[in-house]
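Take a look at the structure below.
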4 protein chains.
Amino acid sequence: MAPRSPARTGRPRSAAADAAILEATRAALVDLGWSKLTLGDVATRAGVAKTTLYRRWAGKNELVVDAVAALFDELELPDRGSLAADVEYVVRQFAALLDRPEAKTALMAVVAESTRDEPLRARIRDSIVDRQKRLVLVGRARAEARGELPRAQGAQDAARSADLIFDVVAGAVVHRMLVSGQAVDSQWVHGLVALLAGGLPSAVSPLPSDA
Amino acid sequence: MAPRSPARTGRPRSAAADAAILEATRAALVDLGWSKLTLGDVATRAGVAKTTLYRRWAGKNELVVDAVAALFDELELPDRGSLAADVEYVVRQFAALLDRPEAKTALMAVVAESTRDEPLRARIRDSIVDRQKRLVLVGRARAEARGELPRAQGAQDAARSADLIFDVVAGAVVHRMLVSGQAVDSQWVHGLVALLAGGLPSAVSPLPSDA
Amino acid sequence: MAPRSPARTGRPRSAAADAAILEATRAALVDLGWSKLTLGDVATRAGVAKTTLYRRWAGKNELVVDAVAALFDELELPDRGSLAADVEYVVRQFAALLDRPEAKTALMAVVAESTRDEPLRARIRDSIVDRQKRLVLVGRARAEARGELPRAQGAQDAARSADLIFDVVAGAVVHRMLVSGQAVDSQWVHGLVALLAGGLPSAVSPLPSDA
Amino acid sequence: MAPRSPARTGRPRSAAADAAILEATRAALVDLGWSKLTLGDVATRAGVAKTTLYRRWAGKNELVVDAVAALFDELELPDRGSLAADVEYVVRQFAALLDRPEAKTALMAVVAESTRDEPLRARIRDSIVDRQKRLVLVGRARAEARGELPRAQGAQDAARSADLIFDVVAGAVVHRMLVSGQAVDSQWVHGLVALLAGGLPSAVSPLPSDA
DNA sequence: ACCTAAGCGAGACGGTACGTCATGTCTTGCG
DNA sequence: CGCAAGACATGACGTACCGTCTCGCTTAGGT
């Protein structure tokens, strides 16, 4: 009755090993960064043989995607009472995540690798990117309920605009922190929120600082 | 030191070498991508010894930053008549640049490396990022002249909002193409322009397609 | 009455497995040679699990000794009518055996291993070497009966000279084939027989060829 | 003018490295034996990188042949006054050589490998085997001069019988020590000399012991 | 007819060595 | 003296076997 897995014989894979490897990968990312991380070192840290690691992941890219994906699932969006507050909350949360060294060094690196590796791109999309779009959908649904935003006209338009908002918000934070190399401070967050609320005209006007 | 060049043999190399190396680096990025690019291969392609290469650049990161920086200087912003048109133009131009394989594979990679290498981050900022902020300044100046945007209140606010706009626009395009892995098509560009013009409420409303 | 092994319960070992493993070992020696033979491959060929194999043999050396030992028991020495004919017969037979790829590749290899492994040397001696000394004893007994050789003076001398003759004859054939890498052809065999009959003076004189 | 070697540019190979590697190989053979010798360990012992080692030798087999070949060139044959004395001298010398652990463990192993590797067999023949045939030729020439042996009838016969004598003498010693695993003591040497002098009838007669 | 203990296949496990590759440095000899 | 050619020490790569260890089954003998 139960759809048994195709191979049922042999010694089963150690579940503990998977967890140890992913944890060791994150630790190694913190200590060494992406480019100096070696799978041999990860295996040693995890108390595992290199072969065990290669049995489960095709290479460094895939391993790091899995190791980092879990971090992104920690993001959440409680109701802060208004669209602006929700946006501010999620932006700060995302910035805090990108401030963690393991996320910072790994995210751009695997994205860079994915430009020449379609399966990797798909894995990143499935494990990391698409899962965070839920935050946009939740936020928008609340804003619609509050009357802050008009209701989407159709499913396709809804998806399209969600993608756009996601790219703008996530892209802005990533670019600010990793490309421009500057902190996501209150001033910048308030500027972004203003821009999202009212477009460029709102963004260029000075804002009351709260710092 | 003195550039003597009456009829000396063997001398002309040095000047040509730089150009040949950077060109070879771009070609290698196209063929191999960032992670499989090796300095030995670049040297061979450039018809140069590895020693010559290491005499001029500290490593792969620095070389690639220099090789790619030139591409970004091609961006320009002619007056398209309105703020919206200017934004659309620069977004499309930037997207076209990021579609080139040598830019795509290299940009994220060096940014990733720069998360643990402050001198590299500075080099990227100087050679690539900051030079493109001129586009924002030019665009805003025109928009102010046209009365599309209010004048900035002070130099500091002006710089701050220019940084914000730059992060939002560039970040959105980079995220769309490299992280989400989707094309920057007309629909998306128009959505972005609408969002920049009027904020989220404008972005979620359906737009007249031009595709 | 029979002093059964201490543990008598449980499923008995499969007799078929032993035969299959030894046969698979010989086949693998033919296909791969000693150094590329792996126990995993032998197990697969024999349709047996690696554990089954390790339950019975300590390692590759022991397994191969057992696998090739059987080949050597095929040697025999029918009465050819004279000492010279008996020697020629046994030399040709031994040469034919050493021409089989599984014997050729395995014999020297296990002997080489045995230089640092006393138990292995003993196993080789018991399973292979000493069993073939019977051929010398049979041949000498016949020659004595024919009056071709004087009777040995004592048991110790008899054993000593049998060892010597064995080393000389077997050593010559092995050296000819495996070290010098040349064929044991009629000319060489006749030369050897002449040398054994009359010593070096006989060996350096030209012999009537029969090829 | 001089026919320079094809490649004349670049840093030349270190002559010191070659010597250090061969010496380290012999030391490793003594410590570990053939089967546990690893090229990585040899490289470490020689204070050399693995790549340097692989640049010069194709693998373990070739390296070991070169490392032990030098040992065999130490053999020599001073005039001991009679054929029997010359034979005894060279047999003892060869036995002493085979008693050295690096020669013992390596010789049979490379011979075993050579059964499936024709280039290796040729290398062994050129570097080790053929070079020792000189001893047979020297010994025979002296014996002929002394009148102990008849002169060879032709060059071909001379070569053939030299090969035979070499296989018999060297084969007997090798077989005695490595296969039978017994010492080449005086009794055995005298037996061998007697056999070579007068054939089997001389060998089976008891000899005056000198031990 | 059950019980029990060992054998069995499959295959994952921690290891070790492999042979190759790229890095960044260092000698050479040529021009 | 600059430079190409390429050897060098270093160290990671990804693979192959090793010999051991679970697993979930047979498969017998003793009761």
Side-chain angles (χ1 to χ4, degrees), chain A residues 7-17 35-44 46-60, chain B residues 8-14 17 35-44 46-55 57-60, chain C residues 4-5 7-14 16-17 36-44 46-60, chain D residues 4 7-14 16-17 35-44 46-60:
Chain A
R8 78 244 114 50
T9 63
R11 178 172 172 176
R13 291 191 177 170
S14 158
S35 63
K36 298 205 170 146
L37 177 151
T38 70
L39 295 199
D41 180 61
V42 169
T44 303
V48 139
K50 253 199 310 176
T51 39
T52 297
L53 208 149
Y54 279 106
R55 206 174 286 123
R56 292 162 154 84
W57 287 278
K60 186 165 150 172
Chain B
R8 253 335 227 180
T9 55
R11 294 299 298 167
R13 266 301 188 182
S14 180
S35 62
K36 297 200 172 151
L37 177 150
T38 71
L39 294 197
D41 181 61
V42 169
T44 303
V48 139
K50 264 199 302 176
T51 351
T52 300
L53 206 151
Y54 277 105
R55 206 173 288 122
W57 288 276
K60 186 164 151 174
Chain C
R4 291 299 199 83
S5 60
R8 76 238 114 53
T9 63
R11 177 174 173 178
R13 290 191 179 167
S14 158
K36 298 201 171 149
L37 178 150
T38 71
L39 294 199
D41 180 62
V42 169
T44 304
V48 138
K50 263 199 304 176
T51 20
T52 299
L53 206 150
Y54 278 106
R55 208 173 286 123
R56 292 159 155 84
W57 288 277
K60 185 165 152 173
Chain D
R4 293 299 199 78
R8 76 240 115 48
T9 64
R11 177 174 174 176
R13 291 190 178 170
S14 159
S35 63
K36 298 205 170 145
L37 178 151
T38 72
L39 295 199
D41 180 62
V42 169
T44 303
V48 138
K50 253 198 311 175
T51 38
T52 297
L53 209 150
Y54 279 106
R55 206 174 287 122
R56 292 162 155 83
W57 287 277
K60 187 165 151 173

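Computed from a predicted structure; not experimentally measured. Proteins get letters first, then strands, A, B, ... in listed order; numbering begins at 1 in each.
For D:L39, counting side-chain heavy atoms from C-beta on, the closest listed nucleotide (E:dC8, E:dG14, E:dC18) is E:dC18. Of the candidates F:dG19, F:dA4, E:dT20, E:dT20 carries the atom nearest the D:Y54 side chain, counting heavy atoms from C-beta on. Listed nucleotides: E:dG19, F:dA7, E:dA6. Nearest to the side chain of C:R11: E:dA6.
One interatomic measurement links the two molecules: CH2 of B:W57 to P of E:dT23, which rounds to 15 Å at whole-angstrom precision. The separation between B:K36 atom NZ and E:dT20 atom P is 19 Å, rounded to whole Å. What separates CG of B:L53 from C1' of F:dG6 is a distance of 16 Å, to the nearest Å. For the pair A:D41 CG and F:dG11 C1', the computed distance is 13 Å after rounding to whole Å.
One cannot find a donor-acceptor pair under 3.5 Å joining the base of E:dG11 and the side-chain atoms of C:K50.
When side chains are defined from C-beta on, C:Y54 counts as touching C:L39, because their heavy atoms get closer than 4.5 Å.
At least one side-chain nitrogen or oxygen of D:R56 sits closer than 4.0 Å to the OP1 or OP2 atom of F:dC8. Distances shown here put every side-chain N or O of D:T9 at or beyond 4.0 Å from the OP1 or OP2 atom of E:dG29. For B:R55 and F:dC3, the shortest distance from a side-chain N or O to OP1 or OP2 is below 4.0 Å. For E:dG7, one of the phosphate oxygens OP1 or OP2 lies less than 4.0 angstrom from a side-chain nitrogen or oxygen of C:R13. At E:dC13, none of the side-chain N or O atoms of A:T51 fall inside 4.0 Å of OP1 or OP2 (strictly under the cut-off).
The salt bridge (Lys or Arg N to Asp or Glu O under 4.0 Å) search around A:R56 returns A:D18, not counting sequence neighbours. The side chain to side chain donor-acceptor pair (under 3.5 Å) search around D:R55 returns none, not counting sequence neighbours.
Heavy atoms of D:G59 sit nowhere under 4.0 angstrom from any nucleic acid atom.
A residue-by-residue look at D:T52 and B:T52 shows that B:T52 has its nearest nucleotide of DNA chain F further toward the 5' end. For the pair D:S14 and A:L37, nearest-nucleotide mapping onto DNA chain F gives the more 5' position to D:S14. Both D:G40 and A:G47 lie near DNA chain E, and the one whose nearest nucleotide falls closer to the 5' end is A:G47.
Using a distance-only test at 3.5 Å, with no hydrogens or angles considered, no donor-acceptor pair links the side chain of B:K60 to the main chain of B:T38. Listed for the C:T44 side chain is a donor-acceptor partner under 3.5 Å among the backbone atoms of C:G40.
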